[in-house]
Structure formats: C-alpha cells, structure tokens
Amino acid sequence: MLYLDHAATSPVRPEVLDAMRPYLTGVFGNPSSHHTAGEAAARALDDARARVARVLGMRTGDVVFTAGGTEANNLAVKGITLATLETGKRHLVISPIEHESILESAAYLRRFHGVEVTMLPVDDAGRIAPAALASAIRDDTALISIGHANNEVGTVQDATALASVARTSRVPLHLDAVQSAGWLPLDGLGADAVSIAGHKLGAPKGIGALAVRGRIPLEPVLHGGGQERGRRSGTENVAGAVALATALELAESEREVLAPRVAATTARFISLVLSGIPEAALTGDPANRLPGTASFTFAGTSGESVLLELERRGIISSSGSACAAGSDDPSHVLLACGVPPEVAQTSVRFTFGREALPDDAPERLAELVIDSVHAARG
C-alpha cells in the first residue's frame, strides 16, 4: 500500500517516539505537582513550549498546548472574539473554505452570542484578495481567521499581505497553519495567533498548540485548574508536547530541501494525470499550493468509486477533509470555488508525505490513477 493521505494524518516519526518515551514511563509526573516528579515534567513542558515558540516566531509564553488543531482553532476563534465582546466588537471575518473547526466556531458565536460573521469571497482557486479583506473589516471587527493553506485543495494564501491589511486596521489575525506547518515558513508572517497540530507533522494524534501574542485578550474555552496560564485548563500532555516540539523542529530543519523535492514530484504527477484523463481538472491554485497536495475532479465518475479502485491498486487517498468523513454532501470548499455540486462529488485528493519515493513514482502513480478512473466509469 502507498499512503497518499498525509493531509489527514501522518505516521509518527521514530525520532519523535524516542523523544516522548521517557515522559510516558520514567518522567510521568503531573507538571502542576510541586514535587520532584512534577517539577521534572514541568521542565520538559517549558522546554517544549520554548521550542515550538522558536519555530513559530513567537514568545515562549505565547504558546498554549491543546488536544489538537480543532481545539486550537476553537480557542482562537471563540477565545479572542469572546474576550472582546464587552468592548462592543461583535464582528468576525472568515472565508467559506475554512476548516470545519473554524466554520462551526463562527456558527456557535453567531447563534449564542450574536456575533456577525462576514464570509470573504474566494476566486475559483480558493484565493482571498487582500482588497476584499480590507473592505470587510469594520470598526467592530474582533478577529480575522484565515487558513494559511487549505486542507482540501492546497491553496496557499498570501498571509503576509493579509496580515498587513489586518495590522493597518488594528484587527488581530489568526492563521490556521495546521496544514502548512512543516511545509511553509511560519516565522515573520505577521499573524497574531497561529494554530498547529502534531499529527500532521509526525507526532501522535491528540496534541496541538495555539500560539497567541500576549497582548491579545483570550477567553478560555476550557475551565478548571487554570493550567497554561489560565488559558486552557486540564493536566497537560507532557509527552505529547515534547513530541510536537520534536516533530515541528525536524520538519522545519528539513523544509528547505524537502519541500521543493516533494513539490517537483507532485507537479509531475499532476501533469501526467491531467494529460492522461482529458476530463480531469485540478482544483486549487495551480502555482501557490502546498508542495504535496494534488486534488482533482474526475467528471463522469463518483469520487468514492475512484477511491475504491485506487485502494484495490494499493493507493490510499481521500475525497477531501477527513473531518467531514461520512458526509455525502459535496465539499464546501469546492462549492465556494464555483465547482458545480455534481462535479464536486467526483473529487479525489492525493497528499504526499516526507518519505522518499522512487524517481519513477509520478509515472507509476499516474498510470494507476488513470486505470482507476477508467474502471470507475465502467
């Protein structure tokens, strides 16, 4: 089997397992406990926090460890918006192609707190124009929350330009960097808050982080013992935090060499699929996209049928976001990009990981995809 669904999750790296193992066995104390075992765990947690902050270009105290990307996004969108309600700021700006954790957090704020939500327009590649963002910002805007790179089609936003607009308007910008972390530079983008998730980077599922600058008010979403400086209660996952820091550092150290290599493999694969299947269409930005993401629609097929044929041939891929698994509805991302519903139902996403592939991998993979699409059409 060849696993091409790294946007959904990635395998745990051996180096990460080695780094976290001591904190699952010998150094297992609660970092809030004031004894030797607890203090050892607290030191490991502080070190992991500093390492994550360094890669993100934030201060150590800005990093809040969470249970994953979904919680980090919830904390950013709800926490920053709720913290400003008393000042009269009741307006949130997002886009229609965001991850479900952003969309559902916005819907919650609208239903239960009367927050107005503006959906930024996107073009057919899923791009957000800085001018559109500037037009959407109001005096009562509390937060702008944008996905740095889309989890389905791989489009990368011009985060620096969007951050410049936000900064000029003095509105905090949150970037969902769950997909882009490890593939794109995150330091220096100008965001006020950044979300990441460990299991996209080679750490286990169940650990993530929100880095939010200290000057940004943040209302906690989880209440209890006041851990994480009162911003996220609950006993911290020390082993997970160590794993996240290790995986993020490894990915960052490899990024400048690995990302171009994966991008070249993906580009060759895309070219071969498009030339071999006349009805195929690439979704997302053809140029500004994540290095390892190739998402297509195959008109005249069913995406699920193509996936079954691919798996019979040893390729694991997906029809879109894993967080929408089980849904029969067409992708909200593709619909927002103007893809007709019946075509959106035919989408298939291939996402490459960090493992080395043979030089002829794009040719072999494209041949199997072409065979699978033909078989799905009967």
Side-chain angles (χ1 to χ4, degrees), residues 1-11 97 99-100 122 124-126 149-155 179 200 262-286 289-355 357-358 360-378:
M1 285 289 179
L2 178 59
Y3 182 79
L4 294 180
D5 197 19
H6 288 267
T9 197
S10 59
I97 65 169
H99 187 268
E100 288 82 356
V122 297
D124 59 0
N150 185 263
N151 62 309
E152 292 192 30
V153 299
T155 295
Q179 292 294 333
K200 313 293 187 179
V262 174
T265 297
T266 306
R268 177 64 178 153
F269 171 65
I270 289 171
S271 175
L272 291 166
V273 170
L274 293 178
S275 62
I277 307 174
E279 302 85 359
L282 180 71
T283 60
D285 192 319
R289 61 191 302 115
L290 286 171
T293 297
S295 176
F296 304 93
T297 57
F298 299 113
T301 69
S302 156
E304 293 299 324
S305 297
V306 174
L307 289 176
L308 289 172
E309 293 295 338
L310 286 166
E311 192 160 358
R312 289 193 183 104
R313 291 161 176 79
I315 299 177
I316 302 294
S317 54
S318 72
S319 57
S321 171
C323 294
S327 172
D328 292 328
D329 296 331
S331 161
H332 69 278
V333 172
L334 295 182
L335 295 181
C337 294
V339 177
E342 66 275 12
V343 177
Q345 294 275 24
T346 72
S347 67
V348 177
R349 179 189 67 178
F350 304 89
T351 47
F352 292 81
R354 291 174 168 78
E355 70 274 15
L357 296 175
D360 64 344
E363 287 75 14
R364 292 165 58 189
L365 287 170
E367 182 178 346
L368 292 172
V369 171
I370 294 166
D371 288 346
S372 297
V373 171
H374 289 327
R377 285 182 176 147

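Here the structure is a predicted model, which is why all the values come from computation and not from measurement.
Looking at Asn150 and Thr155, their side chains never bring a donor and an acceptor atom within 3.5 Å of each other.
Looking at Glu152 and Ser295, their side chains never come closer than 4.5 Å, going by heavy atoms from C-beta outward. Looking at Arg289 and Leu282, their side chains come closer than 4.5 Å, going by heavy atoms from C-beta outward. At least one side-chain heavy atom of Val273 sits less than 4.5 Å from a side-chain heavy atom of Phe298. At least one side-chain heavy atom of Val153 sits less than 4.5 Å from a side-chain heavy atom of Leu334. Contact check for Leu365 versus Leu4: side-chain heavy atoms found under the 4.5 Å cut-off. The closest side-chain heavy-atom distance from His99 to Gln179 is not below 4.5 Å. When side chains are defined from C-beta on, Thr283 counts as touching Thr297, because their heavy atoms get closer than 4.5 Å. Taking 4.5 Å as the limit, some side-chain heavy atom of Phe296 sits within range of a side-chain heavy atom of Leu274.
Comment: Arg364 engages Asp360 in a salt bridge, judged by a side-chain N to carboxylate O separation of less than 4.0 angstrom. Using a 4.0 Å cut-off between charged nitrogen and carboxylate oxygen, Glu309 and Arg377 do not count as a salt-bridge pair.
Ring centroids of Phe350 and Phe352 are separated by 6.0 Å or more, keeping the two rings apart.
Although no hydrogens or angles enter the test, the distance criterion places a donor-acceptor pair under 3.5 Å between the side chain of Arg349 and the main chain of Asn151. Between the side chain of Thr293 and the backbone N or O of Gly154, no donor-acceptor pair lies under 3.5 Å. Looking at Lys200, its side chain never comes within 3.5 Å of a backbone N or O of Ser10 through a donor-acceptor pair. Of the possible polar contacts, one joining the Ser275 side chain to the Ser271 backbone as a donor-acceptor pair under 3.5 Å is found. For Ser347 (side chain) and Ala344 (main-chain N/O), a donor-acceptor pair under 3.5 Å exists by modelled atom type.
The structure places CG of Asp329 at 9.0 Å from CG of Leu335, a figure rounded to the nearest 0.5 Å. We find the CG-CG distance between Leu290 and Asp285 to be 10.5 Å, quoted to the nearest 0.5 Å. One finds the OG1 atom of Thr301 at 11.5 Å from the NE2 atom of His374 (value rounded to the nearest 0.5 Å).
Among all heavy-atom pairs drawn from Pro362 and Arg268, the shortest one is CB-CG, 3.5 Å. Contact record, Met1 with Ile315: SD-N, 4.3 Å, taken as the closest heavy-atom pair. A pairwise comparison of heavy atoms in Leu368 and Leu310 identifies O-CD2, 4.2 Å as the closest pair. Ile270 approaches Ala294 most closely through the heavy-atom pair CG1-CB, 3.6 Å. Nearest heavy atom pair, residue Ser319 against residue Glu304, reads OG-OE2, 3.4 Å. Nearest heavy-atom pair across His6 and Gly353 is CD2-N, 3.2 Å.
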After noting the C-alpha distance and the side-chain angles of Ser317 and Asp5, does the key distance pass the side-chain hydrogen bond (donor to acceptor under 3.5 Å, both in side chains) rule? CA-CA 5 Å; Ser317 54; Asp5 197 19; over 6 Å; no

Set out, in order, the CA-CA distance, both residues' side-chain angles and the distance that settles side-chain contact (heavy atoms from CB on, under 4.5 Å) for Arg354 and Val262, then state yes or no. CA-CA 8 Å; Arg354 291 174 168 78; Val262 174; over 6 Å; no

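No more than 12 heavy-atom neighbours from other residues, nucleotides or ligands sit within 6.0 angstrom of CD on Glu367.
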